Amino acid sequence: MRENYRVGNAQSIGSGQTQSNYFASYAGRDCLLALADGTIDHINGRRCAVLAVEACMRDCRELPPQTPLPDFFDTVAADILSDMHEVIYLGKTPYLSFACQLIRDGKLYYYQTGSCRMFLYDGIQYRILTGASGRETFEKGMTAGIVSDGVWEALHEKDMISCLAGRGHPYEKAQRMILKIKEKNRKTAGNATVVCAERCL
């Protein structure tokens, strides 16, 4: 039986002039979430964020079924660096935050570097996933996600729980987070992006 996932996302440019966050998701037998945040004041910041996410999605499509997932993350990281070096000829390479989650067979595998953060919510407990990489159990009814720094700087744990609790599609939950950020009316609000997934079966 194929696993079934629901994926949602939401995004705001905040007080900035440029959206430096880029994200993508895939939901099939496996589920993949990816989010990158390029340096907003660097000419290639947005471009590198796009390259990073596209490299991750490309590698996911080409992933052999039996590949150990830690190896997959190593491949993604190497391909991101390769693509960035191929495109950025002059000047300093922009700072890039990147995070991805791959859900397979009831397990959540993750990799992250930089300022993006990951969370896991089981309907009661909300946790930030720490460390550069790891693995967690992912069961029906749980919500996993990735947020940019514009989200976690604005929303406290109780805010996140209020957005994630109860019924509703992950898209609606992500939209509630962005709405709550806007309600705070922060003058220095940064780019804010949420991408999250739930397991339905």
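Please read these numbers as outputs of a predicted model, since none were measured by experiment.
Residues Leu33 and Met118 share a single hydrophobic cluster, defined by chaining ILVMFWY side chains whose heavy atoms lie under 4.5 Å apart. The hydrophobic cluster containing Ile146 also contains Leu120, counting ILVMFWY residues as joined when their side-chain heavy atoms lie under 4.5 angstrom apart, directly or transitively. Val147 is not connected to Leu179 by any chain of hydrophobic side-chain contacts under 4.5 Å among Ile, Leu, Val, Met, Phe, Trp and Tyr, and they are in different clusters. The hydrophobic cluster containing Leu69 also contains Met57, counting ILVMFWY residues as joined when their side-chain heavy atoms lie under 4.5 angstrom apart, directly or transitively.
Going from atom CG of Leu102 over to atom CG of Asp30 covers 5.5 Å, rounded to the nearest 0.5 Å. Atoms CG and CG, from Leu129 and Leu108 in turn, are 6.5 Å apart once rounded to the nearest 0.5 Å. For the atom pair CG of Asp74 and OG of Ser133, the computed distance is 8.0 Å after rounding to the nearest 0.5 Å. The structure places CG of Leu51 at 13.0 Å from SG of Cys56, a figure rounded to the nearest 0.5 Å. With rounding to the nearest 0.5 angstrom, the CG atom of Leu32 is 9.0 Å from the CD1 atom of Ile103. In this structure, the separation between OG on Ser148 and CD on Glu153 is 8.5 Å, given to the nearest 0.5 Å.
In this structure, Arg176 and Ser162 approach most closely via the heavy-atom pair NE-O, 4.4 Å. Of all heavy-atom pairs spanning Gly168 and Arg6, the tightest one is O-NH2, 3.5 Å. For the residue pair Gln112 and Gly131, the shortest heavy atom distance occurs at NE2-O, 2.8 Å. Shortest non-hydrogen contact noted between Asn21 and Arg46 is O-NH1, 2.5 Å. Scanning all heavy atoms of the two residues, the minimum distance from Thr67 to Leu63 falls at CB-CD1, 3.4 Å. Taking each heavy atom of Lys182 and Ser12 in turn, the nearest pair found is CE-OG, 3.7 Å.
Judged by distance alone, the side chain of Asn191 and the main-chain N or O of Ile13 form a donor-acceptor pair under 3.5 Å. Using modelled atom types, one side-chain atom of His169 and one backbone atom of Tyr171 make a donor-acceptor pair closer than 3.5 Å. Side chain of Gln11 to backbone of Ala192: no donor-acceptor contact under 3.5 angstrom is found. At distances below 3.5 Å, at least one donor-acceptor pair connects side-chain atoms of Lys173 with backbone N or O atoms of Leu164. Without hydrogens or angle criteria, Thr137 side chain to Lys107 main chain gives no donor-acceptor distance under 3.5 Å. Not one N or O on the side chain of Tyr22 forms a donor-acceptor pair closer than 3.5 Å with the backbone of Ala34. Between the Glu139 side chain and the Gly106 main chain, no donor and acceptor come within less than 3.5 Å of each other. For the pair Ser20 (side chain) and Gly38 (backbone), a donor-acceptor distance under 3.5 Å is present. Remark: side-chain polar atoms of Arg117 are not paired, donor with acceptor, to backbone N or O of Trp152 under 3.5 angstrom. Without hydrogens or angle criteria, Asp79 side chain to Val76 main chain gives no donor-acceptor distance under 3.5 Å.
At most 12 non-hydrogen atoms from other residues, nucleotides or ligands lie less than 6.0 angstrom from CZ of Arg135. Within a 6.0 Å sphere centred on NZ of Lys184, other residues, nucleotides and ligands contribute more than 12 heavy atoms.
No side-chain heavy atom of His156 sits under 4.5 Å from any side-chain heavy atom of Met160. Annotation: side chain of Lys180 is in contact with side chain of Leu155 (closest heavy-atom distance under 4.5 Å). Considering only heavy atoms from C-beta on, Tyr5 comes within 4.5 Å of Phe138 through its side chain. Contact annotation: the side chain of Val53 never approaches that of Leu35 to less than 4.5 Å [non-hydrogen atoms, C-beta and beyond]. Taking the side chain as every heavy atom from C-beta outward, Tyr109 and Cys100 never approach each other to under 4.5 Å. Between Cys31 and Gln101 there is no side-chain heavy-atom pair separated by less than 4.5 Å. Within the 4.5 Å cutoff, the side chain of Phe98 has heavy atoms near those of the Tyr111 side chain.
Taking the six-membered ring for Trp and the full ring otherwise, Phe119 and Tyr126 have centroids separated by under 6.0 Å.
A donor-acceptor pair shorter than 3.5 Å cannot be found between the side chains of Tyr121 and Gln125. Defined by atom type and a distance below 3.5 Å, a donor-acceptor pair is missing between the side-chain atoms of Thr75 and Asp59. In this model, no donor atom of one side chain and acceptor atom of the other lie less than 3.5 Å apart for Asp37 and Ser97.
For Asp83 and Arg58, the salt-bridge test passes: some basic side-chain N is under 4.0 Å from an acidic carboxylate O. Looking at Asp105 and Arg29, a side-chain N of the basic residue comes within less than 4.0 Å of a carboxylate O on the acidic one, giving a salt bridge.
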Inset, instruction - In sequence, state the C-alpha distance, the side-chain angles, and the governing distance for Glu198 and Lys140, and then conclude on salt bridge (charged side-chain N to carboxylate O under 4.0 Å, His left out). - result: CA-CA 7 Å; Glu198 291 182 353; Lys140 181 180 178 181; over 6 Å; no

Inset, instruction - Go through the steps to decide whether Glu136 and Met142 satisfy the test side-chain contact (heavy atoms from CB on, under 4.5 Å), and finish with yes or no. - result: CA-CA 11 Å; Glu136 298 282 343; Met142 297 178 74; over 6 Å; no

Inset, instruction - Go through the steps for Cys196 and Val7 under the test side-chain contact (heavy atoms from CB on, under 4.5 Å), then give the verdict. - result: CA-CA 6 Å; Cys196 56; Val7 176; over 6 Å; no

Inset, instruction - Could you walk me through whether Ile80 and Leu96 pass the side-chain contact (heavy atoms from CB on, under 4.5 Å) test, one step at a time? - result: CA-CA 10 Å; Ile80 289 172; Leu96 179 72; 4.0 Å; yes

Inset, instruction - Tell me, with the steps shown, if Val151 and Thr193 meet side-chain contact (heavy atoms from CB on, under 4.5 Å). - result: CA-CA 7 Å; Val151 177; Thr193 302; 5.7 Å; no

